[in-house]
Amino acid sequence: MKKNKRLLLASMALASLVFLAGCVKTDKKGVPTGEGWVYNYLVEPMGNLITFFAENQGLGFGLAIIVVTLIVRFVIMPLGIYQSWKATYQSEKMNYLKPILGPIQERMKNASSQEEQLAAQQEFFAAQKQYGVSVFGGMGCLPLLIQMPFFTALFYAARHTPGISTAEFMGISLGQPSMILTAVAGILYYAQSMLMQVGMDEEQKKQMQTVAYMNPIMIVIFSWTSPAGVTLYWVVGGMIGLVQQALTNFILKPKVRAKVEEEFKNNPPKPYKSTVKDVTPKASAIIEEKASKKTNRNAGKQRSR
């Protein structure tokens with residue numbers, strides 16, 4: 001269920017990127033025409049900001065892209081920290097309530113029929129609601145979605161801002177795809193995915209496996225098909241994300257875990273009472289149904305004689 005939610009949100013992020021890219025009007029050669037709100041309010045200001053740091057401040061286009069990336073990441077950092085806190089809080093509550101929620105999850109996993117699985121799902125949602133655990137946990141990919149406009153702006157700015165396409169940074173041409181930066185970006189985001197799994201139990205790690213590979217693959221695809229100036233944005237963002245995840249694991253999580261333990265110590269969870277009607281077929285009912293079918297078949301054979 002968590003895996004499906006993350007896949008859905010990641011798909012939304014990709015769809016947002018495609019949508020924003022489509023909002024930038026280009027000519028037959030792919031050069032922006034200067035029309036449309038995405039270009040006027042995102043692409044052009046981003047290009048001007050990069051040019052300001054590169055030429056007016058004498059930093060060069062490579063360092064200018066890094067500075068602009070840091071500005072963007074610091075702007076959205078409060079949202080990222082809030083997401084980490086919220087997701088960690090929900091995760092720690094789920095772990096504390098595992099003796100109650102675990103058996104219901106096992107019923108969902110081992111359901112032998114659609115009716116049994118539906119009953120277990122309804123039971124699980126009802127239990128989450130009773131104990132104040134959010135069905136959706138943290139905000140998922142929301143920070144990534146918010147980055148998409150900035151990424152789209154930087155993508156076109158790095159391609160079409162005068163000076164970037166011919167500039168170099170540490171011997172790397174910013175106007176052409178870079179295998180080195182692409183590899184570094186993929187490694188950074190894979191390391192971040194692995195770091196997210198520290199402290200998780202085996203079941204949670206299994207749920208995270210798809211996301212752990214999907215995120216780096218998406219970054220590699222974006223980077224390989226983009227100029228190095230755009231990939232530089234992902235590299236810097238990956239470094240910041242890695243540091244933020246380390247702070248979450250080793251500073252934020254222990255504090256949240258202590259908070260949850262204190263909350264449940266002062267207000268212990270009441271025993272769970274099911275309010276969902278059990279629609280799972282009983283063993284006795286199944287036996288009676290089979291016996292009835294067998295009797296009807298035997299009666300039909302006798303009549304046919």
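Both backbone and side-chain heavy atoms feed into the values below; hydrogens, waters and symmetry mates do not.
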Minimal non-hydrogen separation, [X] against [Y], with atom names:
X	Y	answer
Ala185	Trp234	CB-CB, 4.4 Å
Ser112	Glu116	OG-OE1, 2.9 Å
Ile172	Ala228	CG2-CB, 3.9 Å
Thr88	Ser84	OG1-O, 2.6 Å
Ala167	Phe61	CB-CD1, 3.8 Å
Ile81	Gln244	N-NE2, 3.9 Å

* Would Ile187 and Ile219 show up in the same hydrophobic cluster when neighbours are defined by side-chain heavy atoms closer than 4.5 Å? ->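 Not linked; separate clusters.
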* Which pairs, with at least one residue in residues 91-118 and sequence neighbours excluded, count as a ring-ring contact (aromatic ring centres under 6.0 Å, His included)? ->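 Those involving residues 91-118 are Tyr96-Phe264.
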* **Ser226 side chain to Ser223 backbone, donor-acceptor under 3.5 Å** =>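 Checked: no pair found.
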* Please check if the side chain of Ser178 supplies one atom and the backbone of Leu174 the other of a donor-acceptor pair under 3.5 Å. =>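 No: the side chain of Ser178 does not pair with the backbone of Leu174.
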Below 4.5 Å, heavy atoms only, C-beta onward: do [X] and [Y] meet side chain to side chain?
X	Y	answer
Ile65	Ile50	yes
Phe169	Ile66	yes
Gln192	Asn215	no
Leu195	Leu242	yes
Lys93	Tyr89	yes
Trp85	Val256	yes

* Asked: Are there more than 12 heavy atoms of other residues, nucleotides or ligands under 6.0 Å from atom CG of Leu70?
  ->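 Counting other residues, nucleotides and ligands, CG of Leu70 exceeds 12 neighbours.
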* Thinking salt bridges, do Lys259 and Glu263 make one under a 4.0 Å N-O criterion? ->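 Salt bridge: yes.
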* Side chains of Asn249 and Gln245, donor plus acceptor under 3.5 Å ->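 The criterion, which ignores hydrogens and geometry beyond distance, is satisfied for Gln245 and Asn249.
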